[in-house]
Amino acid sequence: MSQLTISEVARQVGLQPSAIRYYERIGILLPGQRVSGQRRYDTTVLFRLAVIQRARRSGFTLDEIRQLFFGFGNVTRASERWQKLSRKKLVELDSLMESIRTMRGLLTKMMRKCRCDTLEQCGKGIFRNGCVETTVKSRPANHRHGK
């Protein structure tokens, strides 16, 4: 089997060699064999790095990637691993999307409704109307906080 240098691996998968060394250090990539002091890898490292990169692009953390590789029994199929972790990630994304909708609504409301001259006025109006808003309430466009 052909042995690749860390630079060759990095070039083929589009990573910096430092990323490969980091993945080795945190245990999600097996260290390359040393030949004359240089790391050497067989071509299967390219496949493992492809999985790591796909997982990273899909939003998985390094801990979740570690779980993908090592958090299941050896008999657990790859598809089952992806499905379990993907379901969990989709729940996180749904929650994040809801938070983004709420933030977007609050920002839009502030842009539309706030006519305050000072942040103190603004804070007074926010305080009077309830500091914790989970939904965006509609108010008259000409309303000024604290006035």
Side-chain angles (χ1 to χ4, degrees), residues 1-139 145:
M1 192 168 268
S2 176
Q3 295 287 299
L4 304 168
T5 66
I6 194 168
S7 297
E8 291 168 329
V9 171
R11 188 180 71 257
Q12 287 192 44
V13 296
L15 290 173
Q16 294 295 316
S18 58
I20 296 168
R21 288 190 291 272
Y22 179 69
Y23 291 157
E24 286 180 4
R25 193 168 51 255
I26 65 170
I28 60 174
L29 188 64
L30 297 173
Q33 294 179 332
R34 295 292 183 148
V35 176
S36 300
Q38 290 186 334
R39 286 175 169 88
R40 298 291 177 161
Y41 303 89
D42 65 45
T43 56
T44 61
V45 74
L46 302 174
F47 311 139
R48 188 172 191 104
L49 285 167
V51 169
I52 292 169
Q53 285 183 288
R54 173 59 55 90
R56 294 291 286 162
R57 285 191 200 115
S58 299
F60 290 101
T61 66
L62 292 173
D63 284 337
E64 290 166 332
I65 294 169
R66 187 177 292 107
Q67 185 179 358
L68 178 66
F69 286 117
F70 306 111
F72 296 87
N74 288 339
V75 296
T76 306
R77 296 178 49 160
S79 59
E80 293 174 52
R81 295 171 188 225
W82 279 114
Q83 288 171 14
K84 182 174 181 181
L85 292 174
S86 294
R87 275 192 292 274
K88 183 179 173 191
K89 185 58 70 179
L90 287 170
V91 169
E92 289 175 27
L93 289 174
D94 288 342
S95 176
L96 183 59
M97 286 191 310
E98 183 58 35
S99 294
I100 289 170
R101 277 192 286 274
T102 299
M103 286 186 280
R104 186 174 179 72
L106 289 170
L107 291 169
T108 301
K109 178 181 177 181
M110 290 300 290
M111 287 173 48
R112 251 192 349 240
K113 308 282 183 179
C114 183
R115 303 287 182 258
C116 299
D117 295 320
T118 67
L119 289 175
E120 186 176 305
Q121 266 184 326
C122 202
K124 188 185 229 182
I126 292 168
F127 182 78
R128 284 183 179 164
N129 292 307
C131 292
V132 180
E133 293 185 23
T134 55
T135 58
V136 179
K137 298 175 200 161
S138 157
R139 293 173 48 195
H145 301 291

Problem set entry | Ion pair check, E98 and R101, cut-off under 4.0 Å | yes

Exercise. Taking NZ, NE, NH1 and NH2 as the nitrogens, is one of them in E92 or K89 under 4.0 Å from a carboxylate oxygen of the other?
Worked result: yes

What's the separation between atom [atom1] in [X] and atom [atom2] in [Y], rounded to the nearest 0.5 Å?
{"X": "T102", "Y": "L107", "atom1": "OG1", "atom2": "CG", "result": "11.0 Å"}
{"X": "N129", "Y": "K109", "atom1": "CG", "atom2": "NZ", "result": "6.5 Å"}
{"X": "I20", "Y": "R39", "atom1": "CD1", "atom2": "CZ", "result": "9.5 Å"}
{"X": "D117", "Y": "E120", "atom1": "CG", "atom2": "CD", "result": "12.0 Å"}
{"X": "S99", "Y": "D94", "atom1": "OG", "atom2": "CG", "result": "11.0 Å"}
{"X": "I126", "Y": "C116", "atom1": "CD1", "atom2": "SG", "result": "7.5 Å"}

Problem set entry | Residue pair T44 / D42, side-chain donor-acceptor N/O under 3.5 Å | yes

For this session: Tell me, yes or no, whether the heavy-atom count around R34 atom CZ, taken from other residues, nucleotides or ligands under 6.0 Å, exceeds 12.
Result: yes

Exercise. Is the count of non-hydrogen atoms from other residues, nucleotides or ligands lying under 6.0 Å from I100 atom CD1 greater than 12?
Worked result: yes

Determine the minimum heavy-atom distance between [X] and [Y], stating which atoms define it.
{"X": "F70", "Y": "I28", "result": "CE1-CA, 4.2 Å"}
{"X": "P31", "Y": "Y41", "result": "C-CE2, 4.4 Å"}
{"X": "E8", "Y": "Q3", "result": "OE1-O, 4.1 Å"}
{"X": "A10", "Y": "Q16", "result": "CB-C, 4.1 Å"}
{"X": "M111", "Y": "R115", "result": "O-NH1, 3.9 Å"}

With a 4.5 Å limit on heavy-atom distance, are the side chains of [X] and [Y] in contact?
{"X": "I65", "Y": "F69", "answer": "yes"}
{"X": "Q83", "Y": "R87", "answer": "yes"}
{"X": "Y23", "Y": "L62", "answer": "yes"}
{"X": "L85", "Y": "F72", "answer": "yes"}
{"X": "C122", "Y": "M110", "answer": "yes"}
{"X": "Q12", "Y": "L49", "answer": "no"}
{"X": "I52", "Y": "V13", "answer": "no"}

Do [X] side-chain atoms and [Y] backbone N/O form a donor-acceptor pair below 3.5 Å?
{"X": "Q38", "Y": "T5", "value": "no"}
{"X": "E80", "Y": "T76", "value": "no"}
{"X": "S95", "Y": "V91", "value": "no"}
{"X": "R81", "Y": "Q67", "value": "no"}
{"X": "R66", "Y": "G27", "value": "no"}

